[in-house]
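Let me begin by presenting the structure, written as C-alpha cells, before commenting on it.
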2 protein chains.
Amino acid sequence: MLTIGTLAKKTGTKVQTIRYYEQIGLMPEPGRTEGGQRRYGDAELDRLSFVRHARQLGFSLDAIRELLDLSDHPGKSCAEADAIARRQLKQVEQRLARLEALRTELKRMMHECSGGQTSDCRVLEVLRDHSECLTDHEEIGA
Amino acid sequence: MLTIGTLAKKTGTKVQTIRYYEQIGLMPEPGRTEGGQRRYGDAELDRLSFVRHARQLGFSLDAIRELLDLSDHPGKSCAEADAIARRQLKQVEQRLARLEALRTELKRMMHECSGGQTSDCRVLEVLRDHSECLTDHEEIGA
DNA sequence: GCTTGAACCTACAGTAGCTAGAGGATGTAA
DNA sequence: TTACATCCTCTAGCTACTGTAGGTTCAAGC
C-alpha cells in the first residue's frame, strides 16, 4: 500500500496533481486509512503511469480519458486508439511547422539587430511593421 | 475613429481580447463616445498590431510588456530587446526539440499497431509500459 | 506511552490567455 | 421611427495544474 507521496515520487507527479486527477475522475477514489489518508495499490500505480506517459506525449486529458476507456475494454477495436494517436501526431506536426516558421522569423529579426539604441532596433521594428508579417491572423498555440 | 469591432477586424483580434488587454493594462484606456462606447485612433491600432504580431511570434504578454516599454523609450539600449528575442528563440528551440522527440515516439507507436483488438494494441501497450519511456519525468509544455 | 515532525487532509485561490454568455444600452441606416 | 447590428459590463468558464492556509494523522525514536 502506497501513500500519495510515494505514488507521486514513483510517477514523477505532484501530490496535488494526483488529487486533481481524482477530482476530475481520471483516477479512481482510492481506499483510505481510518484517519482518512489515501492508500494506493499497483492498479493505481499502473493507471497513473499510463496517464503521465500519455501526458508526456502531449495527449490532452480528454484524449487520455478515451485511451483509458479503450484500455479498460480489451475487446474494442484497436482502430480507435490508432485514430487518437494519429490525431495527436497531426497536432504535433502542425505545431512543429509553426514553431519552425517562428524560429526562422526570430532568427532573421535578431540577425539584423545592430546593437545600438532601441530607436534603430530591428527587433522592435519588425514587430511594429505588420506589413512584413507573412501570417494572415493565424493564432498561435505555442 | 475606429469602433472596437473595426479595430478587432483590422488586427485579427477578438473584441473581448481587446477589452481583456485593456483590463490588464497592455492597451491604454481609449476615448469614449457620449454613450460610453470605445473609440480608437491610429496609435492604438499600431500598438495592438505590435502586440498581435509579437503574440504570433510566441512572446508572452509579459515579454510584450517589456518590448512595448522599450519601444516607448527610444533612447534605451537595443540590447534588452535583443535579449528578450534571444530568450524567446531559445524557448522555441527547446519546444521544437521536444516536439520532434514526441513525433518520433508517436510514429514508432503507431507503426507497430496491428489493427486488431485493443488487447493487442501497441499504442496502448506503449503507453502502459513505462519501462520503455525514455524521459525521466520531464514535463510537457506542449 | 509520548513526543515530534514530516506528510497528509480539505478548501479555496491563482496561473496564462483568452472565450462565451447573459442581459441590457447605443449607434446608424432605411 | 424603427430595426438590428454592435456595443457595454459583469461573471463564469476553459486547460492542466500549482500554491497556500489551517488543521490532522502517521510512524519513528526515546
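In what follows, every heavy atom counts, from backbone to side chain, and hydrogens, waters and symmetry copies are set aside. Protein chains get the first letters and strands the later ones, always in sequence-line order, with residue 1 at the start of each. Everything numeric in this text was worked out from a predicted model, so none of it was measured.
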Between A:Thr3 and C:dA7, is there a contact of a side-chain N or O with OP1 or OP2 at under 4.0 Å? no

Counting only pairs under 3.5 Å, give me each side-chain donor-acceptor contact of residues 20-30 of chain A, with atom names and distances, residues two or more places apart or in other chains.
{"residue": "A:Tyr21", "atom": "OH", "partner": "A:Arg52", "partner atom": "NH1", "Å": "2.7"}
{"residue": "A:Glu22", "atom": "OE1", "partner": "A:Arg38", "partner atom": "NE", "Å": "2.8"}

Let me spell it out: for each of B:Gln37 and A:Gly35, pick the nucleotide of DNA chain D with the closest heavy atom. Which residue's pick is nearer the 5' end? B:Gln37

Distance, rounded to the nearest Å, where A:Arg65 contributes CZ and D:dA16 contributes P: 10 Å

Rounded interatomic separation in angstrom, taking CG from B:Leu7 and P from D:dT6: 15 Å

Heavy atoms under 4.0 Å, any strand shown: does A:Ile4 hit a base, just sugar-phosphate, or nothing? sugar-phosphate

What nucleotide, of D:dC7, D:dC17, C:dC18, holds the atom closest to the side chain of B:Arg52? C:dC18

For B:Tyr40 and B:Leu48: C-alpha separation, side-chain torsions, deciding distance, then whether side-chain contact (heavy atoms from CB on, under 4.5 Å) applies. CA-CA 11 Å; B:Tyr40 296 93; B:Leu48 184 54; over 6 Å; no

Between D:dT18 and A:Thr17, is there an OP1 or OP2 to side-chain N/O distance shorter than 4.0 Å? yes

For a quick test of reading the model: is some side-chain N or O of A:Thr33 closer than 4.0 Å to OP1 or OP2 of D:dC26? yes

Who pairs with A:Thr3 by side chain to side chain donor-acceptor pair (under 3.5 Å), at least two apart in sequence or on another chain? A:Thr6

Rounded to whole angstroms, how far apart are CG on A:Asp62 and P on D:dC14? 11 Å

Atom-pair distance (OH on A:Tyr20; P on C:dT15), nearest Å: 17 Å

When the distance from NZ of A:Lys14 to C1' of C:dC8 is rounded to whole Å, what number comes out? 17 Å

What nucleic acid atoms does A:Phe59 come within less than 4.0 Å of, heavy atoms only: base, sugar-phosphate, or nothing? nothing

Any residue meeting side chain to side chain contact (heavy atoms under 4.5 Å, CB included) with A:Glu100, in chain and number order, not counting sequence neighbours: A:Leu96, A:Arg103, B:Leu96, B:Glu100

Distance in angstrom units between A:Ile18 CD1 and C:dC8 C1', rounded: 12 Å

Tell me the interatomic distance from A:Leu57, atom CG, to D:dA16, atom P, rounded to whole angstroms. 14 Å

Residues 83-92 of chain A side chain polar contacts: donor-acceptor under 3.5 Å, at least two apart:
{"residue": "A:Arg86", "atom": "NE", "partner": "A:Asp82", "partner atom": "OD2", "Å": "3.3"}
{"residue": "A:Arg86", "atom": "NH2", "partner": "A:Asp82", "partner atom": "OD2", "Å": "2.8"}
{"residue": "A:Arg87", "atom": "NH2", "partner": "A:Glu66", "partner atom": "OE2", "Å": "3.3"}
{"residue": "A:Gln88", "atom": "NE2", "partner": "A:Leu57", "partner atom": "O", "Å": "3.3"}
{"residue": "A:Gln88", "atom": "NE2", "partner": "A:Gly58", "partner atom": "O", "Å": "2.9"}
{"residue": "A:Gln91", "atom": "OE1", "partner": "A:Arg95", "partner atom": "NH2", "Å": "3.4"}

Write down the protein N/O and nucleotide N/O pairs, taken from nucleotides 10-12 of chain C, whose separation is under 3.5 Å; answer none if there are no such pairs.
{"residue": "C:dT10", "atom": "OP1", "partner": "A:Arg32", "partner atom": "NH1", "Å": "3.2"}
{"residue": "C:dT10", "atom": "OP1", "partner": "A:Arg32", "partner atom": "NH2", "Å": "3.1"}
{"residue": "C:dT10", "atom": "OP2", "partner": "A:Arg38", "partner atom": "NH1", "Å": "3.0"}
{"residue": "C:dT10", "atom": "OP2", "partner": "A:Arg38", "partner atom": "NH2", "Å": "3.0"}

Sorted by chain and residue number, the side chain to side chain contact (heavy atoms under 4.5 Å, CB included) partners of A:Ala81 (sequence neighbours excluded) come out as A:Leu67, A:Leu70, B:Cys121, B:Val123, B:Leu124

Between C:dC8 atom P and A:Glu34 atom CD, what is the distance in whole Å? 19 Å

So that I can tick it off, tell me whether B:Glu125 and B:Arg128 are bridged by a salt bridge, with the cut-off set at under 4.0 angstrom between side-chain N and carboxylate O. no

